[in-house]
Protein chains: 2
Amino acid sequence: MARKTGSHSEITGPKVRDAALSLFARHGFAAVSMRQIAGEVGVQAGALYLYTKDKQSLLFDLMKTHMDELLAAWDAVAPMGDHLAQLEAFTRFHIRFHLDRPDAVFIAYMELRNLTPDNFAVIEALRRRYEDKLEGILRDGAQAGAFTLPDTKLATLAVIAMLTGVNTWYREGGRLSADRVEEIYWNMVRGAVGAGPIPS
Amino acid sequence: MARKTGSHSEITGPKVRDAALSLFARHGFAAVSMRQIAGEVGVQAGALYLYTKDKQSLLFDLMKTHMDELLAAWDAVAPMGDHLAQLEAFTRFHIRFHLDRPDAVFIAYMELRNLTPDNFAVIEALRRRYEDKLEGILRDGAQAGAFTLPDTKLATLAVIAMLTGVNTWYREGGRLSADRVEEIYWNMVRGAVGAGPIPS
DNA sequence: TGAATAACTGAACAAGCGTTCAGATCAAAG
DNA sequence: CTTTGATCTGAACGCTTGTTCAGTTATTCA
């Protein structure tokens with residue numbers, strides 16, 4: 001069964017989702033046709049509309065699911081320890097989570113402008129909520145003297161930009177393992193927030 | 001005169017360039033039609049082909065010009081001082097140059113996948129050459145003991161990602177001046193590369 | 001086996017795409 | 001005033017787009 005009769009609001013068929021994710025990431029939303037997606041699934045274009053209301057909903061579903069998973073995954077992991085440990089946990093979590101889903105991350109960052117205004121507002125709010133997780137850690141840590149930050153908001157955006165950047169170059173089986181990348185970036189993040197030298 | 005008879009290789013008409021730059025940045029290359037660009041210029045679609053060979057060349061020209069200007073601007077500014085001064089100069093230059101041309105930067109980062117393989121190779125090589133400027137500074141500085149870097153290549157990519165990220169949130173007339181942003185980011189970069197505490 | 005419903009096809013729709021080109025229009029030069 | 005060449009129009013080209021839908025096939029359940 002593709003859907004409950006008369007409703008498209010539930011989860012889009014996994015094969016359709018996977019095909020759209022991969023194609024949107026590779027060629028961009030606007031450059032991919034419904035017929036290409038259908039071809040990847042092994043079906044005619046018309047059949048896609050049993051799984052999704054339209055092309056826009058397909059994009060929105062992908063981005064919404066990604067952001068929901070991101071927030072849920074962090075909430076499931078967010079530690080209670082000292083400020084430095086929290087920041088380290090966030091750093092490692094962000095790198096790992098993003099490296100595990102390069103296509104979804106790519107789409108979530110590059111296709112924002114192809115969302116309708118309503119859909120954009122939803123995704124933007126989720127992105128903001130995620131940023132706030134890090135900003136909270138940095139604010140509390142700065143207040144407690146664990147970090148030295150001239151501007152908490154800018155530090156938040158700078159750290160996220162730096163960490164997300166890993167996705168642009170990391171390739172599985174490359175020179176460095178994901179563990180080693182985490183390690184190296186954690187050291188750079190620690191320095192950027194003025195958290196003192198590396199403990200021996 | 002739009003062009004020398006029989007050749008499209010020279011500089012694309014400025015009005016066409018500007019219209020394409022703005023539209024590509026706002027909606028994406030694939031989502032913008034030649035008719036939209038023509039409408040912005042105040043001309044019929046056919047007239048665009050007096051200024052550009054085809055849509056792909058229009059995109060390539062924009063990206064190529066941007067990268068050429070980026071490299072030329074750095075070469076015109078690159079200082080000779082100590083390693084820390086060089087890194088500071090690069091940091092400030094990168095932020096300033098990118099904040100001055102947000103549309104071109106956006107296109108150069110987002111539309112790489114819409115280039116033909118040949119055109120992509122050209123742009124990619126220029127991007128690599130720019131990265132090498134920073135990597136040289138970091139390598140020399142690390143060797144001289146001015147920086148503490150576990151991995152020079154990763155530090156290069158991390159710093160560039162962090163700095164380019166400014167473009168995603170900076171708006172003229174906002175909370176912070178470009179000068180102040182440079183200042184704050186320079187402190188974070190200094191910390192990330194292990195260049196010691198802020199001098200009083 | 002037969003009935004019901006899910007899953008899908010294949011053709012059609014109007015609209016828009018990049019690109020070409022014969023001809024109109026315009027500006028400058030002789 | 002005529003000629004020349006740049007500049008641009010407007011229509012046309014073949015093709016692709018997202019989306020719909022009547023009709024066919026496959027699967028499930030009694």
Side-chain angles (χ1 to χ4, degrees), chain A residues 1-21 23-24 26-63 107 111 113-119, chain B residues 1-21 23-24 26-63 107 111 113-119:
Chain A
M1 166 180 53
R3 57 175 171 106
K4 297 205 185 83
T5 309
S7 163
H8 290 284
S9 61
E10 59 190 305
I11 294 167
T12 307
K15 285 167 72 176
V16 174
R17 289 180 60 85
D18 291 352
L21 195 75
L23 286 170
F24 288 167
R26 195 156 50 242
H27 307 294
F29 173 75
V32 171
S33 72
M34 295 300 272
R35 284 168 180 84
Q36 281 175 67
I37 299 171
E40 189 90 354
V41 176
V43 106
Q44 291 297 110
L48 293 182
Y49 291 83
L50 296 168
Y51 300 93
T52 190
K53 186 171 149 289
D54 52 23
K55 201 189 174 192
Q56 168 73 205
S57 303
L58 196 44
L59 176 62
F60 176 69
D61 278 3
L62 292 175
M63 296 179 70
I107 291 171
E111 305 296 354
R113 60 184 167 187
N114 286 307
L115 292 171
T116 60
D118 283 3
N119 286 343
Chain B
M1 164 179 53
R3 57 174 170 102
K4 297 204 186 82
T5 309
S7 163
H8 290 284
S9 61
E10 59 191 306
I11 294 167
T12 306
K15 286 168 72 176
V16 174
R17 288 180 61 85
D18 290 352
L21 194 74
L23 286 170
F24 288 167
R26 195 155 50 243
H27 307 293
F29 173 76
V32 171
S33 71
M34 295 300 271
R35 285 169 179 84
Q36 281 175 69
I37 299 171
E40 189 91 353
V41 176
V43 107
Q44 290 297 113
L48 294 181
Y49 291 84
L50 296 167
Y51 300 93
T52 190
K53 186 170 148 291
D54 53 22
K55 202 190 175 192
Q56 167 74 204
S57 302
L58 197 44
L59 176 62
F60 176 69
D61 278 3
L62 292 175
M63 298 180 69
I107 290 171
E111 305 296 355
R113 60 185 164 186
N114 287 306
L115 291 172
T116 60
D118 282 4
N119 287 343

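Chain A is the first sequence line, chain B the second, and so forth, proteins listed ahead of strands; every chain is numbered from 1. The shown structure was predicted, so the numbers you read here are calculated from the model rather than taken from an experiment. Just so you know, these numbers use all the heavy atoms, side chains as well, and skip hydrogens, waters and symmetry mates.
Here A:R26 pairs with A:S22 under the side chain to side chain donor-acceptor pair (under 3.5 Å) rule; sequence neighbours left out. Residues passing the salt bridge (charged side-chain N to carboxylate O under 4.0 Å, His left out) test with A:R113 are B:E111, sequence neighbours excluded. In terms of the side chain to side chain donor-acceptor pair (under 3.5 Å) criterion, A:Q44 has no residue partners (sequence neighbours excluded). Listed by chain and number, the residues in a side chain to side chain contact (heavy atoms under 4.5 Å, CB included) with B:A47 are B:V43 (sequence neighbours excluded). Taking the side chain to side chain donor-acceptor pair (under 3.5 Å) definition, one finds that B:D18 meets it with nothing, sequence neighbours left out.
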Quick one: which protein N/O atoms are closer than 3.5 Å to N/O atoms of nucleotides 25-27 of chain D? Pair and distance per line, please.
none

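Interatomic distance, CG of A:L48 versus CG of A:L50, reported as 8.5 Å (0.5 Å rounding).
Between the P atom of D:dC15 and the NZ atom of B:K55 lies a distance of 19 Å, rounded to the nearest Å. Atom OH in B:Y51 sits about 17 Å away from atom P in C:dT19, given to the nearest Å. A:N114 places its CG atom 12 Å from the P atom of D:dG18, with the value rounded to the nearest Å.
With contacts defined as side-chain heavy-atom distances shorter than 4.5 Å, the pair B:E40/B:V16 does not qualify.
Remark: of the listed residues B:N114, B:D118, B:N119, B:N119 is the sole one forming a side chain to side chain donor-acceptor pair (under 3.5 Å) with B:T116.
Between B:Y49 and the phosphate of D:dC8, there is no side-chain N or O to OP1/OP2 separation shorter than 4.0 Å.
Within residues 33-48 of chain A, the residues approached by DNA chain C to less than 4.0 Å at the level of any non-hydrogen atom are A:R35, A:V43, A:Q44, A:G46, A:A47, in residue-number order.
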